[in-house]
Amino acid sequence: MKPTTTRNIFLILLGFLGLGAISGGVLLIISPTGEMLGLPITEFKNLPFQNFMIPGIILFTVLGIIPLLLIPALIKKPDSRLADRLNLFKDMHWSWTYSIYVAFALIGWIQIQLIFLQSAVYWLHTFYIFYGLLIILIALLPQMRIAYQKKM
């Protein structure tokens, strides 16, 4: 597969994640009871929140806004000292690294949901675990690593 095709698939995956998380986050923010999503708060055990407002804000920003902001960063590859400080892969552009962070955040988000649900796993949980793994897998492809490797 050509590097640009791989990158475009990667950008589309981040775009769908971001748009889906923004819509889910907005619904949780405007309806913190979870009713608009058909997500009764009573299904969650030992939830540290009274409602879904805080999870909605987290979903909206971490899995919504951040992936959408990464798309232009992955295209233009801008320099950022601040972003580079949190970049664990110093030989790679920070936007590539942050896309992996987002994928791990998605997997963590689902795992936390499963901890609080305790008794139910829905097909959507499995889908998003694999979605996060797919983002990581594509990021680790040689053509992606070459495209985002810093020029030293």
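Given the structure is predicted, the values throughout are model-derived calculations rather than measurements.
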Please tell me whether Leu82 and Leu70 are part of a single hydrophobic cluster in this structure, the criterion being side-chain heavy atoms less than 4.5 Å apart.
no
Which atom pair, heavy atoms only, marks the closest approach of Leu17 to Pro67?
CD2-CG, 4.1 Å
Between Leu14 and Leu68, is any pair of side-chain heavy atoms under 4.5 Å apart?
no
Assigning hydrophobic clusters by single linkage (Ile, Leu, Val, Met, Phe, Trp, Tyr; side-chain heavy-atom cutoff under 4.5 Å), is Ile58 placed with Ile115?
no
Of all heavy-atom pairs between Ile12 and Tyr131, which one has the smallest distance, and what is that distance?
O-OH, 4.4 Å
Rounded distance [0.5 Å steps], CG in Leu133 versus CD1 in Ile138
11.5 Å
Go through the steps for Tyr98 and Tyr101 under the test ring pair (Phe, Tyr, Trp, His ring centres under 6.0 Å), then give the verdict.
CA-CA 5 Å; Tyr98 280 48; Tyr101 294 166; 5.1 Å; yes
Between Thr61 and Ile66, does the side-chain contact (heavy atoms from CB on, under 4.5 Å) criterion hold? Intermediate values first, please.
CA-CA 6 Å; Thr61 55; Ile66 292 174; 5.7 Å; no
For Ala103 and Gly132, work out which heavy atoms get closest and say how close.
CB-O, 3.5 Å
Indicate yes or no: at least one non-hydrogen side-chain atom of Tyr122 is less than 4.5 angstrom from one of Phe127.
no
Is there a side-chain contact (heavy atoms from CB on, under 4.5 Å) between Ile136 and Ile107 once you walk through the steps?
CA-CA 11 Å; Ile136 294 167; Ile107 293 167; 4.1 Å; yes
Just by modelled atom types, is the Asp84 backbone N or O under 3.5 Å from a matching donor or acceptor in the Lys90 side chain?
yes
Give a yes or no on whether the backbone of Trp109 and the side-chain of Tyr128 come within a donor-acceptor separation of less than 3.5 Å.
no
Could you check whether any side-chain N or O of Lys77 sits under 3.5 Å from a backbone N or O of Pro72, counting only pairs where one atom can act as donor and the other as acceptor?
no
Membership question, hydrophobic clusters at under 4.5 Å side-chain separation (ILVMFWY): are Ile146 and Ile100 in the same one?
no
For residues 19-26, tabulate all N or O donor-acceptor pairs below 3.5 Å that involve a side-chain atom, not counting sequence neighbours.
unit_1, atom_1, unit_2, atom_2, d
Ser23, OG, Leu19, O, 3.3
Ser23, OG, Gly20, O, 2.9

Is there a donor-acceptor pair closer than 3.5 Å between any side-chain N or O of Trp96 and the backbone N or O of Ala139?
yes
Do Thr6 and Ile9 have side-chain heavy atoms sitting under 4.5 Å apart?
no
When you check the gap from the basic side-chain N to the acidic O, do Asp79 and Lys150 get nearer than 4.0 Å?
no
For the atom pair NZ (Lys151) and CG (Asp91), what is the distance rounded to the nearest 0.5 Å?
11.5 Å
Counting neighbours of CZ on Phe130 that are heavy atoms of other residues, nucleotides or ligands and sit closer than 6.0 Å, is the number greater than 12?
no
When every non-hydrogen atom of Ala83 is compared with those of Ser80, the smallest separation belongs to N-OG, 3.1 Å
Within this structure, what is the CH2-CZ distance for the pair Trp94 and Phe89, rounded to the nearest 0.5 Å?
15.5 Å
Is the backbone N or O of Pro78 less than 3.5 Å from a side-chain atom of His93, with the two atoms forming a donor-acceptor pair by type?
yes
Which pair of heavy atoms, one from Met92 and one from Arg145, lies closest together, and at what distance?
CE-O, 3.3 Å
In sequence, state the C-alpha distance, the side-chain angles, and the governing distance for Asn8 and Leu11, and then conclude on side-chain contact (heavy atoms from CB on, under 4.5 Å).
CA-CA 5 Å; Asn8 291 341; Leu11 297 176; 4.2 Å; yes
Side chain to side chain, Gln111 and Ile129, heavy atoms closer than 4.5 Å
yes
Would you give the length of the straight line joining atom CG of Leu140 to atom CD1 of Ile135, rounded to the nearest 0.5 angstrom?
12.0 Å
With a 4.5 Å limit on heavy-atom distance, are the side chains of Arg7 and Leu74 in contact?
no
Under 6.0 Å from the CZ atom of Phe116, do we count more than 12 heavy atoms belonging to anything else shown?
yes
OG-CG distance between Ser99 and Leu13, expressed to the nearest 0.5 angstrom
10.5 Å
So how far is it from Leu28 CG to Leu59 CG, rounded to the nearest 0.5 Å?
6.5 Å
For residues 47-55, tabulate all N or O donor-acceptor pairs below 3.5 Å that involve a side-chain atom, not counting sequence neighbours.
unit_1, atom_1, unit_2, atom_2, d
Asn51, OD1, Met53, N, 2.9

